[in-house]
J.: 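Can you keep this structure in mind? I'll have questions shortly.
Sequence lines set the chain letters: A, B, ... in the order given, protein chains first and strands last, and positions in each chain run from 1.
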Number of protein chains: 2
Amino acid sequence: MVDAKPEPLDAVDTGIIAALSLDARATLTQLAEQVGLSISAVQARLRRLESRGVITGYRPTVDPEAVGKPLAAFIEISPLDPAQPDNAPELLEPLSEIEACHSIAGEASYMLFVRVASPRELERLIGQIRQAASVRTRTTIALQTFYEYRPLVPAASTPPGL
Amino acid sequence: MVDAKPEPLDAVDTGIIAALSLDARATLTQLAEQVGLSISAVQARLRRLESRGVITGYRPTVDPEAVGKPLAAFIEISPLDPAQPDNAPELLEPLSEIEACHSIAGEASYMLFVRVASPRELERLIGQIRQAASVRTRTTIALQTFYEYRPLVPAASTPPGL
DNA sequence: GTTGAAATCGTATCTGC
DNA sequence: GCAGATACGATTTCAAC
């Protein structure tokens, strides 16, 4: 769980990650079949990927509507006073509606991605963000999500002999 | 795995989702301890959450740098010809560098989030996007990611008696 | 990396609450 | 709908190769 060294991943490692990307609850047995190694070997690989920080965790993909957060939006934020110390990400971290926070190049300083229950909730959240971080905001509402959370390491087109 | 009904989730369901958000590879035994129910009950709940489409899958969180994609960017896209049929999300789906695609309210039609190896790769990807979907693009580079993939259902502050 | 044996876990099923 | 219990196959784990 430390920092990721620039040590390259071989085909087995990427195969394990690709298989996990399809189903992170897959058993070692299933992963072993996918990559063509023994269970123990896969287990060792997986432990190593985790301890090297290549894989930092496992999360379920949850339907936003089912958990009552059907409204998603991008919020760009810019400091009101460019002279003030800027620790917006830290200040905003307690707001659990914020799913992601990146600093960006461009007019704004940060890009947030948020999920809320309703327009009313979005208004409240934007107010909280403005107040907590002393920023102005520019909000872009997501009308429809075609896809998201796509795997960083796509499955190989066709593993030979499978 | 069908569509999500507006049937509300109770505290146990959200507890299971919260526990899985911390570790989606957790065993039923571990989940049962977390939510204070029997294994059989948790198993039934989990199956139901999956079949109802509340939980649609499980994915590993992978360090982008470790898999050779340290550069992330937001790309807004707008149609060159507003008269043409617009199926950009479909046309762009084969581009695996695209992690997310939303239609948005605002000047642009869609917001993409992409990950690539280098500025050179980003340039190539933007070209592909323009050509494939007949769009113009506006790219905002992510300089730093403070957090992302935060859980939709945060863990309860302190489960009583645990 | 592999094999194999022991401990743990997932699953199915049943009884009773 | 849940707890508890049984039973069996699957899975994880780890020591030895």
J.: Take the protein atom CG of A:Leu46 and the nucleotide atom P of D:dT11, then report the distance between them rounded to whole Å.
T.: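 Rounded to whole Å, this separation is 15 Å.
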J.: Report yes if some heavy atom in the side chain of A:Arg138 is under 4.5 Å from a heavy atom in the side chain of A:Ile75; otherwise report no.
T.: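 The answer is no; the side chains never approach within 4.5 Å.
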J.: Between B:Glu50 and B:Arg47, is there a salt bridge with N-O shorter than 4.0 Å?
T.: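 No, B:Arg47 and B:Glu50 are not salt-bridged.
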J.: Let's test your reading of the model: under 3.5 Å, does the base of C:dT3 pair with the side chain of A:Ser40 as donor and acceptor?
T.: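 In this structure, the two groups form a donor-acceptor pair.
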J.: Check whether any side-chain heavy atom of B:Thr14 lies under 4.5 Å from a side-chain heavy atom of A:Val67, and answer yes or no.
T.: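 No, too far: nothing below the 4.5 Å cut-off.
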J.: Taking only N/O atoms, report every protein-nucleotides 6-10 of chain C pair under 3.5 Å with atom names and distance.
T.:
| unit_1 | atom_1 | unit_2 | atom_2 | d |
| --- | --- | --- | --- | --- |
| C:dG10 | OP1 | B:Leu28 | N | 2.9 |
| C:dG10 | OP2 | B:Leu28 | N | 3.4 |
| C:dG10 | OP2 | B:Thr29 | OG1 | 3.4 |

J.: May I ask you to verify if any side-chain N or O of B:Arg45 is less than 4.0 angstrom from the OP1 or OP2 atom of D:dC2?
T.: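 Indeed, a polar side-chain atom of B:Arg45 lies that close.
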J.: Do B:Val135 and B:Leu95 belong together in a cluster built from hydrophobic side chains that touch within less than 4.5 Å?
T.: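 They do share one cluster, since a chain of ILVMFWY contacts under 4.5 Å joins B:Val135 to B:Leu95.
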J.: How many whole angstroms separate atom CG of A:Leu31 from atom P of D:dT13?
T.: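 Going from CG in A:Leu31 over to P in D:dT13 covers 12 Å.
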J.: Across the strands shown, which category fits B:Arg47 at heavy-atom distances under 4.0 angstrom: base, sugar-phosphate, nothing?
T.: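 If one applies the 4.0 Å heavy-atom cut-off, B:Arg47 turns out to touch the sugar-phosphate alone, with no base involved.
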J.: State, with a plain yes or no, whether a side-chain heavy atom of A:Arg124 is found less than 4.5 Å away from one of A:Gln128.
T.: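 SC-SC contact between A:Arg124 and A:Gln128 confirmed.
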J.: Would the distance check show the side chain of B:Thr56 and the main-chain N or O of A:Thr61 forming a donor-acceptor pair, the cut-off being under 3.5 Å?
T.: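 Yes: the side chain of B:Thr56 pairs with the backbone of A:Thr61.
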